Amino acid sequence: MAQISLTFPDGNKRDFASGVTAADVAASISTSLAKKAISAQVDGKHFDLQWPINADAQIAINTMADEAPALELIRHDLAHIMARAVQKLWPDVKVTIGPVIQNGWYYDFDRAEPFTPEDLGAIEKEMKAIINARDPVKTEVWDRSRAIAHYIAKNEPFKVELIEAIPGDEPLRMYWHGHWQDLCRGPHLQNTGQVPADAFKLMSVAGAYWRGDSANKQLQRIYGVAFKNRDDLKAYITMLEEAAKRDHRKLGKEMELFHLQEEAPGMVFWHPNGWTIYRALEDYMRRRLRIANYKEIKTPQVVDRVLWERSGHWEAYRENMFIVEVDEEGAKEKRINALKPMNCPCHVQVYNQGLKSYRDLPLRLAEFGSCHRYESSGSMHGLMRVRGFTQDDAHIFCTEDQIEAECAGFITLLSSIYSDLGFAKFDIKLSTRPEVRIGTDEQWDKVEGALTGAIEHLGLPYEINPGDGAFYGPKLDFKLTDAIGREWQCGTFQVDAQLPARLGAEYVGEDGAKHMPYMLHRAILGSFERFIGILIENYAGKLPFWLAPRQVVVASIVSDADAYVGEIVAALRAKGIRAEADTRNEKINYKVREHSVGKVPVLLAIGQKEVEERSVSVRRLGDTRTETLPFAQIVADLVAEATPPDLR
RNA sequence: GCCGGUUUAGCUCAGCUGGUAGAGCAACGGUUUUGUAAACCGAAGGUCGGGGGUUCGAGUCCCUCAACCGGCACCA
């Protein structure tokens, strides 16, 4: 038999017979390694211990101490164990696919009856029994026809469809967990007992379309999470609870920021506290845009369908638009208008007023544009996905040669704004030309080159999403990372050669002829509603002082202090600080608790002592210590602290 | 839009297999003048999401609509 040479992580090489398995290799090293081995990395690929190795390769044996492969195997085996448990409990359930995902796995089933939460308990119990049985895991390679015949015989139509969709004549791999068989590319553990029985949990049932297509049958998906040990599972569940505590919907209620109600789904009712955040953010953005030489405009919300027909939205976006029909006086037919879902067509109308010269370009038109989109009922989510929202929108009209500089200027602005708002890290994704597109390849080369040139010039890393651009131009997406590691796509920069053409935008060039400008769609926050939701969750409600809706509460300890409390509040308000008095007949403990829960950053407690020495006792949110400061000093300190970052 | 779940007092939630609704907090009225995360007492508060049905009787069972929650699909 042919020999192959395997290279170990320490650089040592050894020869083995071709077809040797990683299990054999581990056993040849030591019995303890053979026991501990769970899989191997063979030339970087994750290999099952049972798979034959047929060529020279780098090899490293994995044990449970190797976090990534261990978790992948545990989760993947659990997917199979769960499917086996489900088919044991309900033999007529059809199986489909069950991949590993972040923190766990899911498996999609076809079953007439819905799975209930009680079913999940029963499945978990059955899974534990399978794990405790320590059933061996076996694997074989089958040819397609055998596999198809097998699944036809077993009446598993989804598996048949799956195999038929696998291209070519590739042989297929089968796995057995005990007697239970599943088509799977592997790798897997060696027996079900290697899965920790106390470190997984079935989380939820949800509908999911077969192969992700809403035209297909809807299956039932069961989600599970799994870790290497019970403590990790516990930590994960604690993390989920912590994340739930920063849910902006919950905090929005507790902090009296906003509400939503049935009569206006997806439309925000901002309360005084929430609107204060909104205004602070808007004022900040307005200053930043003005300094970056944007011109702010305001355009109509209700616009005749004629304009939407011209812009192409009526054809492409109609089902997402709120339509307004009006009986005009004397008119034979109803006039049909739409609430604008986007600002771009209106901005072109502003651009088109008066003949533009190349000297006017780049022209940056900004609007805090109030838009409405009829989002599908199942997609709405607090402030994150709404039907009525306001974009920090702007369109830059420029020549092709100006795109790169505009792009660089935009990224610089975005980066500075994210940093001011507390987001140090963001990623850039470039979406390039799709298959179906307008414009010549030379144009695309130039425009894509302008975007990459801008990013590279700034020395920033970026990822490419090939073919994911719009048909009218490439785009950049900007994703920021929040305090608990979640990513949010907020900023966008899109090059558009289509809308200016459709709506007849032009300028007179140096050559005296008319040319079409490019239009750059761009946003930094995305929508104010969503961004405020992100801010609330990022800060867990403890917003930075300049954004906090109620910055200071001045609380009396005794009623004799009320007059002095009033004096302090008046002094702070005179300096623009959002201060409130709390002179209710309550103990200071009660007031401290209430305003801590309400996320007020600074509490000034005033008792007899403070009245006498004209001082204040300062307590900051999240800190149990207090500090006594003179009246004049606290006013000066808080004024400095309340200054927005761009004005410091 | 689809699958599943939920909807009871201002808020958070109880209410078993159908017999006519309950707690804590808040708000209100008193008492208390208080020193850094919930003082005490009292009275009050609900067409049980909307509509329809079954039943002698519905918060509870059925149908339907809506909103919300978890996913899926969507997010040119």
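No experiment lies behind these values; they were computed from the predicted model shown. Sequence lines set the chain letters: A, B, ... in the order given, protein chains first and strands last, and positions in each chain run from 1.
Donor-acceptor pairing under 3.5 Å, judged by distance alone, is absent between the side chain of Arg211(A) and the base of A73(B). Within 3.5 Å, a donor on the side chain of Ser559(A) pairs with an acceptor on the base of U33(B), or the reverse.
The gap from the P atom of A58(B) to that of G51(B) amounts to 14 Å, rounded to the nearest Å. Taking atom P on both nucleotides, U8(B) is separated from G59(B) by 15 Å, rounded to a whole Å. A gap of 11 Å separates the P atoms of U60(B) and G50(B), to the nearest Å. Using C1' as the reference atom, C2(B) and U20(B) are 39 Å apart when rounded to the nearest Å. Nucleotides C25(B) and C62(B) place their C1' atoms 37 Å apart, quoted to the nearest Å. Comparing the C1' positions of G45(B) and C28(B) gives a spacing of 10 Å, expressed to the nearest Å. Distance noted for atom P between C40(B) and A27(B): 14 Å (whole Å). With both ends at atom P, the span from G22(B) to C48(B) equals 14 Å, rounded to whole Å.
At whole-Å resolution of the value, CE in Met267(A) and C1' in A67(B) are 14 Å apart. Straight-line distance from the CG atom of Asn465(A) to the P atom of C75(B): 15 Å, rounded to whole Å. At whole-Å resolution of the value, CH2 in Trp210(A) and C1' in A73(B) are 16 Å apart. Between the CZ atom of Arg530(A) and the P atom of C75(B) there is a distance of 15 Å, given to the nearest Å. Rounding to whole angstrom units, CD of residue Glu262(A) and C1' of C68(B) are separated by 9 Å. Taking atom CD on Glu263(A) and atom P on C68(B), their separation rounds to 11 Å, with Å as the unit. Between His259(A) atom NE2 and C68(B) atom P there is a gap of 12 Å when expressed in whole angstrom units. With rounding to whole Å, Gln261(A) atom CD is found 15 Å from G50(B) atom P.
Side-chain atoms of Tyr564(A) and Ser556(A) form no donor-acceptor pair, as typed in the model, at a separation below 3.5 Å. Judged by distance alone, the side chains of Arg221(A) and Tyr223(A) do bring a donor and an acceptor atom under 3.5 Å apart. Between the side chains of Glu256(A) and His271(A), not a single donor N or O lies within less than 3.5 Å of an accepting N or O. Checking Glu156(A) against Gln87(A) by side-chain atom types alone, a donor-acceptor pair falls below 3.5 Å. In this structure, a donor-acceptor pair under 3.5 Å is present between the side chains of Trp210(A) and Glu161(A). Glu627(A) and Ser617(A) share no donor-acceptor pair across their side chains, judged by distance under 3.5 Å alone.
Here Arg593(A) pairs with Val597(A) under the side chain to side chain contact (heavy atoms under 4.5 Å, CB included) rule; sequence neighbours left out. Scored by the side chain to side chain donor-acceptor pair (under 3.5 Å) test, Asn343(A) finds Lys340(A), Gln391(A), Asp393(A) as partners (sequence neighbours excluded).
Heavy-atom minimum distance, Gln349(A) versus Leu307(A): NE2-CD1, 3.3 Å. Between Met519(A) and Pro500(A), the shortest heavy-atom distance links the atoms CB-CG, 3.6 Å.
In this structure, Tyr106(A) reaches neither bases nor backbone, as no heavy-atom distance under 4.0 Å exists between it and the strands shown. Counting non-hydrogen atoms under 4.0 angstrom, Arg619(A) reaches a base of the nucleic acid. Within the nucleic acid shown, Gly212(A) comes within 4.0 Å of sugar-phosphate atoms alone, with no base atom in reach, counting heavy atoms only.
The residue from Asp108(A), Leu219(A), Asp110(A) that alone fulfils the side-chain contact (heavy atoms from CB on, under 4.5 Å) condition with Lys94(A) is Asp110(A).
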Look for any protein N or O under 3.5 Å of an N or O in nucleotides 1-6 of chain B and output each such pair with its distance, or none.
| residue | atom | partner | partner atom | Å |
| --- | --- | --- | --- | --- |
| G1(B) | OP2 | Ser377(A) | OG | 2.7 |
| G1(B) | N7 | Gly378(A) | N | 3.2 |
| G1(B) | N2 | Tyr209(A) | OH | 2.5 |
| C2(B) | O4' | Tyr209(A) | OH | 3.4 |
| C2(B) | O2' | Gln218(A) | OE1 | 2.0 |
| C2(B) | O2 | Gln218(A) | NE2 | 2.9 |
| C3(B) | O4' | Gln218(A) | OE1 | 2.6 |
| C3(B) | O2 | Gly207(A) | N | 3.2 |

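The side chain of Tyr590(A) places an N or O atom within less than 4.0 Å of a non-bridging phosphate oxygen (OP1 or OP2) of A26(B). Between His381(A) and G71(B), a side-chain N or O to OP1/OP2 separation shorter than 4.0 Å is absent. Contact annotation: Asn589(A) reaches the phosphate of A37(B) (side-chain N/O to OP1 or OP2, under 4.0 Å).
Ion pairing between a basic and an acidic side chain is recognised when a charged N comes within 4.0 Å of a carboxylate O; Asp468(A) and Lys429(A) show no such pairing.
Ranking A67(B), G71(B), A27(B) by closeness to the Tyr223(A) side chain, first place goes to G71(B). Closest to the Arg385(A) side chain, of the nucleotides U34(B), A37(B), C75(B), is C75(B).
For the contact set between residues 606-615 of chain A and RNA chain B, defined by any heavy atom under 4.0 Å, the members are Gly607(A), Gln608(A), Lys609(A), Glu610(A).
Within 6.0 Å of CD in Glu315(A) there are 12 or fewer heavy atoms belonging to other residues, nucleotides or ligands.
Pairing analysis of RNA chain B (Watson-Crick: purine N1 to pyrimidine N3 plus N6-O4 or O6-N4; G-U wobble: N1-O2 and O6-N3; both under 3.5 Å) yields stems of 3 or more pairs at B:1-7 with B:66-72, B:10-13 with B:22-25, B:28-31 with B:39-42, B:49-53 with B:61-65.
In this pair, Phe531(A) and Tyr418(A) present their aromatic rings parallel. The plane angle is below 30°, not in the 30 to 60° band.
Ranked by how close their nearest RNA chain B nucleotide is to the 5' end, Val597(A) and Glu594(A) are led by Glu594(A). Projected onto RNA chain B by closest heavy-atom contact, Arg373(A) and Arg249(A) fall at different nucleotides, the more 5' of which corresponds to Arg249(A).
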Please evaluate residues Arg211(A) and Asp213(A) with respect to the criterion salt bridge (charged side-chain N to carboxylate O under 4.0 Å, His left out), reporting the C-alpha separation (whole Å), side-chain torsions for both, the decisive distance (0.1 Å), and the verdict. CA-CA 6 Å; Arg211(A) 317 187 103 199; Asp213(A) 186 340; over 6 Å; no
Counting primed atoms, P, OP1 and OP2 as sugar-phosphate and everything else as base, the B/S/- map of nucleotides 9-17 of chain B against protein heavy atoms under 4.0 Å is --SS-----
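Side-chain contact check for Val324(A) versus Leu339(A): some heavy-atom pair is nearer than 4.5 Å.
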